[in-house]
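As structure tokens, the structure follows; a few thoughts come after it.
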Amino acid sequence: VAPSDRIRAFGILYWVINLGFAVGLTLGGLLASKSYFWLFVGDGATTLLYALIVVVGVPETRPAVAARAPGAPRPHPLAGFLAPYRDRHFVMFLGLSFLFALIFMQNATSFALDMTAHGMPQAVFGRVLALNGVIIVLVQPFLGPILAKQDRARTLAVGCALVGIGFGLNAVAHTAPMYALGVIIWTVGEMGVLPVANAVVAELAPPEIRGRYQGAYGLSFGLAVCVAPAVGMFVLEHAGSVALWVGCLGTGLGIATGHLLLSRSRSAQHGPSSDPARARGGAQ
């Protein structure tokens, strides 16, 4: 897609993934109640269907690579892999993304334990967390065009702050409505961060290695998925839930500040006109 449409495109992908997740859980539960055999057959069939759609309907988008001159040394295999990590501003962006994911992934671990500790049954936890998917499915298609017109860095900063506030609210939550309010707040923040962050990664990357930058960004989330449960459990056990959620609040606000400072650093080094996001009104 054209650079001006990237946030809308990533927003649609993000929306479809969440829609598929919701439908998949429902259908998976239905199939599993009948037969695990058909559950796995259906999983394999839908994956093959996806492959067929890509082969038939999705054109190649990777930029052509210039042929290597005769006699020129062959680049080391690790050179391309390490390229994103030699970009100082991008490495700082990865660090902020890792910290964001550490907060965000508490919804799958510590959040459930905290609600249970306050006497919330599993059914209530399921309904509260389901608000996340419902809001995304209903709101994201309309939010994408709005976000595309906004300043990138400020959007990321506001989104990260909202995620921190949403999880921080758990420090004083003792009822289902209070937990639900926190989910609503951090879901709004999530919708502002994830599509925009993907678009920013695409804009920061040289076109010929854009996939490597996206892979490095995905790795930052993958590492956080591994680390977040251990961090959350450690804080819960040794400092208690209030410390965990206040820590999430402080970290979220710190990440928000980091995105604004990173934007200023890039602008000071490259100038506003060198950044496609800033050229359209963004700053990241």
Side-chain angles (χ1 to χ4, degrees), residues 11-33 39 43 97-143 158-195 197 221-222 224-237 240-249 251-252 255:
I12 292 171
L13 281 174
Y14 169 67
W15 176 76
V16 169
I17 288 171
N18 278 274
L19 183 61
F21 188 73
V23 173
L25 285 175
T26 303
L27 291 180
L30 179 62
L31 288 172
S33 67
L39 171 67
D43 194 19
S97 299
F98 174 79
L99 292 174
F100 170 83
L102 279 184
I103 302 174
F104 183 69
M105 292 311 301
Q106 297 306 318
N107 76 82
T109 52
S110 308
F111 186 47
L113 293 178
D114 188 57
M115 288 191 68
T116 300
H118 286 96
M120 302 291 122
Q122 290 183 353
V124 172
F125 169 73
R127 288 196 293 269
V128 168
L129 201 56
L131 285 170
N132 173 254
V134 171
I135 294 171
I136 291 172
V137 170
L138 293 179
V139 176
Q140 184 63 47
F142 307 99
L143 188 62
V158 171
C160 291
L162 287 175
V163 169
I165 292 169
F167 280 97
L169 191 61
N170 295 331
V172 295
H174 303 293
T175 63
M178 285 293 290
Y179 282 112
L181 177 60
V183 170
I184 293 170
I185 293 173
W186 63 253
T187 297
V188 174
E190 172 193 356
M191 291 189 293
V193 171
L194 295 183
F221 264 73
V225 169
C226 297
V227 175
V231 172
M233 296 303 104
F234 180 85
V235 176
L236 272 179
E237 181 178 356
S241 63
V242 172
L244 173 63
W245 303 127
V246 171
C248 288
L249 171 61
T251 303
I255 298 168

Handout entry: Heavy-atom check, side chain of S110 versus side chain of W245, under 4.5 Å
Key = yes
Problem - Heavy-atom side-chain proximity of I103 to W186 below 4.5 angstrom - result: no
Problem - Nearest atoms (heavy-atom pairs only) where A180 meets L131 - result: CB-CD1, 3.6 Å
Problem - Verdict with supporting geometry, M105 and V227, side chain to side chain contact (heavy atoms under 4.5 Å, CB included) - result: CA-CA 9 Å; M105 292 311 301; V227 175; over 6 Å; no
Handout entry: Smallest separation among heavy atoms of G189 and V163, with atom names
Key = C-CG2, 3.8 Å
Problem - Residue pair M120 / A176: nearest heavy atoms and the distance that separates them - result: SD-N, 3.8 Å
Fill in the blank from the handout: Here the gap from L143 atom CG to W15 atom CH2, rounded to the nearest 0.5 Å, amounts to 14.0 Å
Completion exercise
CG of L30 to CG of L39, rounded to nearest 0.5 Å, is 10.0 Å
Fill in the blank from the handout: Closest non-hydrogen atoms of A173 and M178, given as atom of the first, atom of the second and distance, are CB-CB, 3.7 Å
Practice task
State the CG-CG distance between L19 and L138, to the nearest 0.5 angstrom.
Solution key: 10.5 Å
Exercise for the section: Check whether any side-chain heavy atom of L102 sits under 4.5 Å from a side-chain heavy atom of T251, and report yes or no. Expected result: no
Problem - Check: I136 and F21 side chains under 4.5 Å, non-hydrogen atoms - result: no
Practice task
Could you tell me whether the side chain of I135 reaches within less than 4.5 Å of the side chain of M191, counting heavy atoms only?
Solution key: yes
Exercise for the section: With the side chain counted from C-beta on, respond yes when V124 and Y179 share a heavy-atom pair under 4.5 Å apart, and no when they do not. Expected result: no
Handout entry: Value rounded to 0.5 Å, distance of CD1 in I17 from CD in Q140
Key = 11.0 Å
Problem - Non-hydrogen side-chain atoms of I165 and L169 separated by less than 4.5 Å - result: no
Handout entry: Approximate separation, where rounding is to 0.5 Å, of M233 CE and Q106 CD
Key = 6.5 Å
Handout entry: pair N170-F111: side-chain heavy atoms closer than 4.5 Å
Key = yes
Problem - Short side-chain donor-acceptor distance under 3.5 Å, N132 and E190 - result: yes
Completion exercise
To the nearest 0.5 Å, atom NE2 of H118 lies from atom CG of L113 at 12.0 Å
Practice task
Check F167 against C248 and note the closest heavy-atom contact, atom names and distance.
Solution key: CB-CB, 3.9 Å
Exercise for the section: May I ask you to decide if F104's main-chain N or O and N107's side chain share a donor-acceptor pair within less than 3.5 Å? Expected result: yes
Practice task
Could you pull out the closest heavy-atom pair between P195 and Y14, with the gap in Å?
Solution key: CG-CD2, 3.8 Å
